[in-house]
There are 2 protein chains.
Amino acid sequence: MVRPIKKKQIPNLQDAIKETAWKQIAEFGAPALSLRAIARELKITAPAIYNYFPDRDALVTALIIDAYTSFGDWQIEARDSASNNNLHKKLEAIGLAYRNWAHTYPQRYQLIFGTPIPGYITPREEVFPSSARSISALFSVVEEFHAAGKLSIDAVPAVSEKYKTHYEQWRTYLGEINPLSVFVAMIIWARVHGIVSLEIQGNLPSFGKKGDALYLFELHSISHQFIKE
Amino acid sequence: MVRPIKKKQIPNLQDAIKETAWKQIAEFGAPALSLRAIARELKITAPAIYNYFPDRDALVTALIIDAYTSFGDWQIEARDSASNNNLHKKLEAIGLAYRNWAHTYPQRYQLIFGTPIPGYITPREEVFPSSARSISALFSVVEEFHAAGKLSIDAVPAVSEKYKTHYEQWRTYLGEINPLSVFVAMIIWARVHGIVSLEIQGNLPSFGKKGDALYLFELHSISHQFIKE
DNA sequence: AAAAATAAATAAACACCGTATATTTACAGA
DNA sequence: TCTGTAAATATACGGTGTTTATTTATTTTT
């Protein structure tokens, strides 16, 4: 069984393809992603890419996973940079990091939460680990609030079967989480996502001096509504 | 100046093109929109479409305006179907109509709030009238609450210059609106949009028996936070 | 060292796409 | 009937993702 290891004209061509893809996405937007354009820039032929990604969608999936990983890094770093004693600070840091990441990498945000690639359908299972990791920071902080008995709500609407599947998936990646925490975390996520996605899309004008007054108002609303004290 | 009126093989070809486009969007998704496929189905040649739409983007814009109009119809009908004496019912009806419309026409929702067409950039000014009309129902009800002295919040963060432009645009289409009402309406919009967009995208599992428990919770949160009594 | 094996790149082609240009067709008004 | 013009077609160009066959290069085996 002969199996040579490596001999590439460009070392780490797989990474080079992804880097070039990101460069073009940043410059021309995600929908303009083109295998031929990537090949042109790397001075290879388009079919050569197929040695590293079975098709265009596989490349997009790899990019999405990278984007989730970058997003998760920001989230986790935000959580861990705030003092362990101050859960409110952690929650706020996570909320701000969410918006900051989106405004720093709008194309990556669109790649994850928009549907900018024609015909592409996200393979949920493949993306799930990086996706789950990215929201684990929020989940863990809410769970800490819950463990400390500081969540203000105590009733969760009856969950549907469809939801239970998601919940079980999350548990395998995020560990034990109380359904109540999940419910609260999902609401927080949805609120934060609502503003940011409207902003990124251009439907919502920047608000307030620093353009984030509405967002800060919502972060405060979240704390006030869901957390005691 | 000779200017004949009409002689088309297909009467109302312009409308037929749009109808076929919607049919294909519903079946294969918005990103799969193809002028040639539309022409094929209508048994005309692709360039014939250019007699009715200068390019593909113009067709997409027309579709988006139609989607906004349909969306606005639902919103306005929801507002007007509730008793004039009951503002809370009106607000709830608008909120439910928002989600119902999105779940009835997920492709139209994505066409408006996603970026599913490669390379397409929404011409805001052109779309604005239908867009403004679609949120006018929410704005008017919030303004009625405000006029009745029933808004719970009374401070609006200082608005940025960028926002003022939007605000002036809105005023020309929606009439006199108090900045406070605008602020509250935008928060409501963002919250509702946050959940629905995550649902439509598949990021959020259906929640509760009828799959809308989380949504109903948020509608209740909105009333509770922003409206007196 | 020569030969065999195999991975990686290329070359060429296919079926799409949006769109521009030139041409034909069909009909309204003079 | 002739003419002007709008609408449709025919054709072509450059772009796309992808498949197939072929060449190139390197590694392992003989």
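Side chains included, hydrogens not; waters and symmetry mates left out as well; all remaining heavy atoms used. Being a predicted model, the structure only gives us computed values, none of them experimental. Lettering follows sequence order; numbering is per chain, from 1.
Counting to the nearest Å, the C1' atom of D:dA8 and the NZ atom of B:K43 are 17 Å from each other. C:dA8 atom C1' lies 15 Å from atom CG of A:L42, rounded to whole Å. Atom CZ of B:F53 is separated from atom P of D:dA8 by 13 Å (rounded to the nearest Å). Here C:dA8 presents its P atom at 13 Å from CG of A:N12, a figure rounded to the nearest Å. Computed from coordinates, the B:I49 CD1 to D:dT9 P distance equals 10 Å when rounded to whole Å. At whole-Å resolution of the value, CG in A:L13 and P in C:dA8 are 10 Å apart.
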Readout for nucleotides 14-19 of chain C: B = base within 4.0 Å of protein heavy atom, S = sugar-phosphate only, - = neither; 5' to 3' it is --SBBB

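Minimum interatomic distance between B:I112 and B:A67 (heavy atoms only, all atoms of both residues): CD1-CB, 3.7 Å.
Legend: residues meeting side-chain hydrogen bond (donor to acceptor under 3.5 Å, both in side chains) with A:E176, ordered by chain and number and at least two apart, are A:R171.
Ring pair A:F71/A:W101 is tilted by interplanar angle, where 30° to 60° counts as tilted.
Of the possible donor and acceptor atoms, none in the side chain of B:S70 sits under 3.5 Å from a partner among the backbone N and O of B:D66.
A distance of 7.5 Å separates CH2 in A:W189 from OG in A:S134, rounded to the nearest 0.5 Å.
Only one option out of A:E199, A:H103, A:H193 pairs with A:Y109 in a side-chain hydrogen bond (donor to acceptor under 3.5 Å, both in side chains); it is A:H193.
Note on B:Y52: every side-chain N or O is 4.0 Å or more away from OP1 and OP2 of D:dA7.
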